[in-house]
A.B. asks: 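Structure below; questions to follow.
We count ligands from 1, going down the list as the structure has it; atoms in each ligand are counted the same way. Because only heavy atoms are used, hydrogens play no part in the values below, and waters and symmetry mates are left out as well, while side chains stay in.
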Amino acid sequence: MLKIGLFKFSSCSGCQLSFLRLNEKLLDLVDKLDIAYWVMVSDNDVEDSYDVAFVEGSISTPEDIYSIKDVRARSKVLIAFGACASFGGLNSIRNYMVQKDVEKIVYGSSGALSVKSIISYPIDFYVDVDIYLGGCPPSLSDILEVIKASILGFKPRLPDYPVCVECKLSENECLLVNGEPCMGPIIRAGCGALCPSLGRTCEGCYGPQADPNPNSLADKFREIGLSEDEILCRLRKYAGMHRDFRGIAKL
Ligand code: SF4
Ligand code: SF4
């Protein structure tokens with residue numbers, strides 16, 4: 001039995017919901033999984049050691065720092081589960097704003113903020129991560145691959161090539177060539193080119209592919225008429241805190 005725990009930090013719980021959306025596939029695996037800790041679905045959680053910990057969310061309070069170190073110490077394999085845990089995700093947009101302005105937007109002019117928040121970092125800012133599962137949320141096929149690999153004891157085979165590869169395999173017309181600011185060339189595949197297949201530009205939720213060149217894509221965005229602000233917004237949206245984007249996203 002593979003003993004797993006699912007943990008949540010600053011996030012919307014969408015990655016955990018995706019785990020549930022495995023539906024009957026999850027039922028097929030139930031006799032091979034001991035889900036020992038998952039606050040979203042159980043009130044009988046055991047704070048123990050785990051073979052695999054799935055961690056959703058970025059680290060954005062002082063208490064989070066203590067908790068993620070504790071989870072790391074109790075887990076053989078730690079998975080950054082989704083964009084927030086892997087690269088900061090949408091939460092990290094606040095890192096580029098004035099703290100007081102953010103509090104006002106979120107809590108109103110009363111500023112009724114009861115928690116102290118800090119710069120929102122991906123979990124690998126504080127602890128070692130064994131596997132990164134990008135996506136907002138991660139695809140069901142990526143989640144299944146990681147679970148199966150953990151049960152069988154091999155390294156999961158996750159794509160490291162760009163979304164453009166999946167997009168071409170789907171025979172989509174290229175949005176970037178047509179003058180739309182698609183992030184596909186620098187973003188890791190795994191979603192099946194979901195957005196371009198629906199006529200929408202890739203926004204980057206899977207984070208950087210293995211060998212991205214954000215400077216080159218930024219030049220292309222300038223060529224099709226994006227302002228510097230618009231380029232920064234696209235780079236900062238999901239993965240501005242990732243080392244491959246941090247320089248150009250100017251934190
Ligand atoms: S539409 Fe986007 S993802 Fe598809 S090939 Fe063009 S740049 Fe790549
Ligand atoms: S196309 Fe881009 S934004 Fe859309 S799901 Fe895939 S990685 Fe995320």
A.B. asks: If we only consider heavy atoms of Ala193, is any one of them less than 4.0 Å away from an atom in ligand 1?
C.D. replies: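 So Ala193 does not count as touching ligand 1.
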A.B. asks: Is there a donor-acceptor pair closer than 3.5 Å between any side-chain N or O of Lys168 and the backbone N or O of Glu171?
C.D. replies: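 No; zero donor-acceptor contacts below 3.5 Å.
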A.B. asks: Donor-acceptor check, side chain of Arg74 to backbone of Asp48, threshold 3.5 angstrom: yes or no?
C.D. replies: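 Yes, the answer is positive, given that a donor and an acceptor are paired below the 3.5 Å cut-off.
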A.B. asks: How long is the straight-line distance from NZ of Lys237 back to CD1 of Ile93, given to the nearest 0.5 Å?
C.D. replies: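 Going from the CD1 atom of Ile93 to the NZ atom of Lys237 covers 7.0 Å.
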A.B. asks: Counting heavy atoms only, which part of Cys191 comes closer than 4.0 Å to ligand 2: side chain, backbone, both or neither?
C.D. replies: side chain
A.B. asks: Quick one: look at Cys136 and ligand 2, take heavy-atom pairs under 4.0 Å, and tell me if it's side chain, backbone, both or neither.
C.D. replies: neither
A.B. asks: Are Val163 and Arg188 packed together at the side-chain level, in the sense that at least one heavy-atom pair is separated by less than 4.5 angstrom?
C.D. replies: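 When only atoms from C-beta onward are counted, Arg188 and Val163 do not touch, as no gap falls below 4.5 Å.
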A.B. asks: Quick check on side-chain contact (heavy atoms from CB on, under 4.5 Å): which of Asp124, Val71, Asp128 does Leu78 satisfy it with?
C.D. replies: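 Checked Asp124, Val71, Asp128 against Leu78; only one passes side-chain contact (heavy atoms from CB on, under 4.5 Å): Val71.
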A.B. asks: Say whether, by atom type as modelled, one donor and one acceptor occur between the side chain of Asp64 and the main chain of Thr61 under 3.5 angstrom.
C.D. replies: yes
A.B. asks: What atoms of ligand 1 come closer than 4.0 angstrom to any heavy atom of Gly184?
C.D. replies: 3 (S)
A.B. asks: Give the contacting part of Met183 toward ligand 1: side chain, backbone, both or neither, where contact means a heavy-atom distance below 4.0 Å.
C.D. replies: neither
A.B. asks: Nearest protein heavy atom to atom 3 (S) of ligand 2, by residue and atom, and its distance?
C.D. replies: Glu203 N, 3.2 Å
A.B. asks: Answer yes when Asp130 and Arg72 have at least one side-chain N-carboxylate O distance shorter than 4.0 Å, and no when they do not.
C.D. replies: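 Arg72 and Asp130: salt-bridged.
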A.B. asks: Under 4.0 Å from a heavy atom of Gly204: which atoms of ligand 2 are those, numbered in the order shown and with their elements?
C.D. replies: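 Every atom of ligand 2 under 4.0 Å from some heavy atom of Gly204: 2 (Fe), 3 (S).
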A.B. asks: I'd like the name of whichever of Ile186, Leu175, Leu176, Leu217 reaches closest to atom 7 (S) of ligand 1 through any heavy atom.
C.D. replies: Leu176
A.B. asks: Can you tell me if, anywhere in Cys167, an N/O/S atom lies at a distance from atom 6 (Fe) of ligand 1 that is smaller than 2.8 Å?
C.D. replies: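 Given the 2.8 Å cut-off, Cys167 does not count as a ligand of atom 6 (Fe) of ligand 1.
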A.B. asks: Of all the non-hydrogen atoms in the protein, which one sits nearest to atom 4 (Fe) of ligand 2, and at what distance?
C.D. replies: Cys195 SG, 2.3 Å
A.B. asks: Counting non-hydrogen protein atoms only, what is the nearest one to atom 2 (Fe) of ligand 2? Give residue, atom name and distance.
C.D. replies: Cys202 SG, 2.4 Å
A.B. asks: When you look at Phe54 and Phe7, which way does the ring pair (Phe, Tyr, Trp, His ring centres under 6.0 Å) test go after all the steps?
C.D. replies: CA-CA 6 Å; Phe54 288 79; Phe7 300 87; 9.8 Å; no
A.B. asks: To check your reading of the model: name the closest protein heavy atom to atom 8 (Fe) of ligand 1, its residue, and the distance in Å.
C.D. replies: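 Checking every protein heavy atom, the shortest distance to atom 8 (Fe) of ligand 1 gives Cys164 SG, 2.3 Å.
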A.B. asks: Applying a heavy-atom cut-off of 4.0 Å, say which part of Cys182 lies close to ligand 1: side chain, backbone, both or neither.
C.D. replies: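 The part of Cys182 near ligand 1 is the side chain, not the backbone.
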A.B. asks: Mind checking whether Phe87 and Tyr238 have ring centres under 6.0 Å apart?
C.D. replies: no
A.B. asks: Which heavy atom of the protein is the closest neighbour of atom 6 (Fe) of ligand 1, given with residue, atom name and distance?
C.D. replies: Cys174 SG, 2.4 Å
A.B. asks: Scan Arg200, Glu203, Met183 and name whichever one has a side-chain contact (heavy atoms from CB on, under 4.5 Å) with Cys195.
C.D. replies: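 That would be Arg200; it is the only one of Arg200, Glu203, Met183 passing the side-chain contact (heavy atoms from CB on, under 4.5 Å) with Cys195.
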A.B. asks: Give the single entry among Glu173, Lys168, Glu166 that approaches atom 5 (S) of ligand 1 most closely by any heavy atom.
C.D. replies: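 Going through Glu173, Lys168, Glu166 one by one, Lys168 has the nearest heavy atom to atom 5 (S) of ligand 1.
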